[in-house]
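Here is the structure we will look at, set down as structure tokens.
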Amino acid sequence: MNNFFHELRKYPSVIASLILISFLIGVSIYAITTIPYEEAKRLWRGGEEIWYTNPRQAAPEWINWFSKNKQAVSFSLRTTNPGVSRTILTEENGNSEIIFSIPFDYQYDSFPQELMIYFSSTFTAKQPYADVTLITPDGREIHLNNFALINRQTYRLSQDDRLTRWLRNDNVLQALFRDPQVETPTPLKGSYSVVISAYTFEANSTVDVELVMHGTLAGWAGTDHLRRDLSVALLWGTPIALAFGLLAALGTTFTTMVIAAIGAWYRGWLDELIQRVTEINLVLPFLPLLLMIGTFHSRSIWVILGATILLNIFGGAIKTNRAIFLQIKESPYIEAARVYNASDIRIILRYLTPRLIPTLIPQLVTLIPTYVFIEASLAVLGLGDPELPTWGKVINDAFVNSAPYQGLYYWMLEPAVMLIITSLAFAMLGFSLDRIFNPRLRQI
Amino acid sequence: METSNATPPTLSIRDLRVWFELRRWGFGHVGDVRAVDGISFEIRPGEAAAVVGESGCGKSSLMKTILGLYKPRTGSVYFSGEDIHAQGRKSIHAYRANVGYVQQDPFAALPAFMNVWQILEEPLIIAGGHNKANRQDRIRQVLEEVKIHPIEDFLPKYPHMLSGGQLQRIVIARAMILKPRVIIADEPVSMLDASVRVEILRLLRGLQQSHNLSFIYITHDLSTVKYFSEYIFVMYAGKLVEKAPIGRMLRNSSHPYTQALLSATSDPEAMNARVYKEVPSGEPPSLVNPPPGCRFHPRCSKCIHGLCDVQDPPEIHLTPQHQVACWLYSQR
């Protein structure tokens, strides 16, 4: 065993692949521990109430690292955030004035898409009243609007007609954030502040606010057309892809081996049957069959996994494994086992199959990305599990929403990169293991 | 030997024929390979018999039939008077529990993925009736018998870590582990270095005598036989041509084939370099279409035309224990 690890160290590709695989495993563990499975499904089902803080189709934040022209990054500020202040002035008659001061720093070279204030208030008969003011870095106080509040209310600056008329600009946010000293529209950088004065007219009436700015960038992974954060799919896609690949590879390799061993050991009609079934199965087109199952039966990942394993058990490996078993079967040690009465099952499982394990392990490792790709292909073709966030599904969404034509490359490339990392890692490991287990390949 | 000993034979083989069918296109019978064609002999407890013959004479088929791996066409193998095929699988399994098998190539006879402990434990597990402590005791005991020491060092080792001689001792230990009454050894030393051959043969002989085993020793090498056996059976083209106790066989061999075989045996002696040895020309006959009459007649220098090439020779008792199948002795 020690020798084996010593041997492994001689191959840089093994080190590289192990690093990549541990990265993927780390991501999986992180995803599973931080976002529980049900939570991941709920987030991916999406909806405005979950993802309202995100803009649609926003590129990831790290785009700014590679560009001189810094784009606005989305954020949301609640009263619980540090820096946000809430002052309550209560009068004797039960009326009170609540002053929210929400400061934020704006250091970007582009204008935000949208600024929104989400009000939530409680009252019994008398509606609270709010007054919204924006304070720019150069000290101008711009009174935006005032209105009576209902329980839940959203104030979108870009849709405020009064503001449009008053600012004489269709693009409200450009008018508010531009530097008045400069001719061409350029954002004024510095500390802005939104001040909201809310008035309540009942003893138990409360008001809370949340300021949301939609920039052109959001999160480390960006968002899709449904405002969903792609990080959910990238993170949760990892354990799903690895589990699918590993289960399918394990399921097919070992059952194939045992079936080939049974055929080679018993020969006769059983062997003939296995061979004919294999030949028929080899002729059947695998992906179209999976597509049919996905279209007409079920798109559940478990059904697809089961179908993948079933259709691959009687694969070409039956033939190669059988050829090796036919040779091993005649070994003197098998004959000896027969003489001490080892049963057929025992010979197959304890004497025949262990001889194949060294060649099987590299095969198994290289098979993992194949199955990961099959799952992703199905999702890309629109037959992914409807509930789960997977890489293939993200690519499918990007494709359906014509991401490449809109220049939204991150949308397609992020899941694609994850797929490439997976296949690269396992392929490199598989090839290196093959060279270690089968030393004759080394000279070639 | 049928008359000299009153104890019943452990193993008796009666008119054994092992024919392999030749087919064309997967069906259509075109003939048989007569690997073993009418062999009978008996072995009593404590006796060792060597089956000698050149390669292709059917030795291995005979051995595998005795082990119950091949089913004979006619005749059968009787263990303690019972036909081993009488009740199919069940009787064969019961019989095999009493048979140890020592193979030719120790490098291939042991599974490379098991260590010595596992190799020796397997027969005990399969035979059943042993708990872990019993198995451990039996493994130690048998390793002591084959003179492997220190035992503890060997138990976790894998076959590739051991030398040929050590491997063959493990093979013998495996054959002995179920306390068999019969040992069948198929050229047990032919793959070993000359230096360890004698040691292994002495070990086998010692085990055979101390446990009062019946022993069938199959070889093509007459020079190793003298370490070993009470009897020599000479096999040619599927038949036993001569059966005799070892002393008589070496001094008084009667069949022309036996004489040729003995003269061809090389002994490292300076004199031998100057002696012309008469070796029969030609090759062993085809087992599909054996020659009519005596199967050795095409190569025999003493062939009697019109007799040897027409009629099968009868089995002639020269002494009660010495039988030969040859026309030369029929007139006496």
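The sequence lines fix the lettering, A, B, ..., with proteins before strands; numbering per chain opens at 1.
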Minimum heavy-atom separation for B/Ala109 to A/Tyr333, with atom names?
-> O-CB, 3.2 Å
Take atom CE of A/Met292 as the centre, draw a 6.0 Å sphere, and report whether it contains more than 12 heavy atoms from other residues, nucleotides or ligands.
-> no
Can you establish whether the number of heavy atoms outside A/Glu279 located under 6.0 Å from its atom CD is more than 12?
-> yes
Residue-level interface, residues 304-330 of chain A with chain B, non-hydrogen cut-off under 4.5 Å | none
In terms of heavy-atom pairs under 4.5 Å with chain A, which of B/Ile184, B/Leu69, B/Asp186, B/Asp105 leads?
-> B/Leu69
A/Tyr266 atom OH, over 12 foreign heavy atoms within 6.0 Å = yes
Heavy-atom pairs under 4.5 Å with chain A, option from B/Arg96, B/Gln118, B/Gln104 with the top count = B/Arg96
Gap between atom NE2 of B/His93 and atom CG of A/Asn341 - 0.5 Å precision = 4.5 Å
Contact origin within A/Arg346 toward chain B - heavy atom pairs under 4.5 Å = side chain
Most heavy-atom pairs under 4.5 Å with chain A, out of B/Ala108, B/Pro180, B/Gly100, B/Ala175, belong to B/Ala108
Heavy-atom pair of closest approach, residues B/Gln103 and A/Pro332 = NE2-O, 2.5 Å
Separation of B/Lys64 NZ from A/Glu335 CD (nearest 0.5 Å) | 4.0 Å
B/Met114 and A/Tyr351, any side-chain heavy atoms less than 4.5 Å apart = yes
If contact means a heavy atom pair closer than 4.5 Å, which residues of residues 124-131 of chain B contact chain A?
-> B/Ile125, B/Ile126
Can you tell me if NZ on B/Lys157 sees more than 12 non-hydrogen neighbours from other groups inside 6.0 Å?
-> yes
Evaluate whether atom OH of B/Tyr158 has more than 12 neighbouring non-hydrogen atoms of other residues, nucleotides or ligands under 6.0 angstrom away.
-> yes
At their closest point, which heavy atom of B/Tyr101 faces which heavy atom of A/Ala336, and how far apart are they?
-> CD2-CA, 4.3 Å
Taking atom OG1 of A/Thr353 and atom CZ of B/Phe113, what is their separation to the nearest 0.5 Å?
-> 7.5 Å
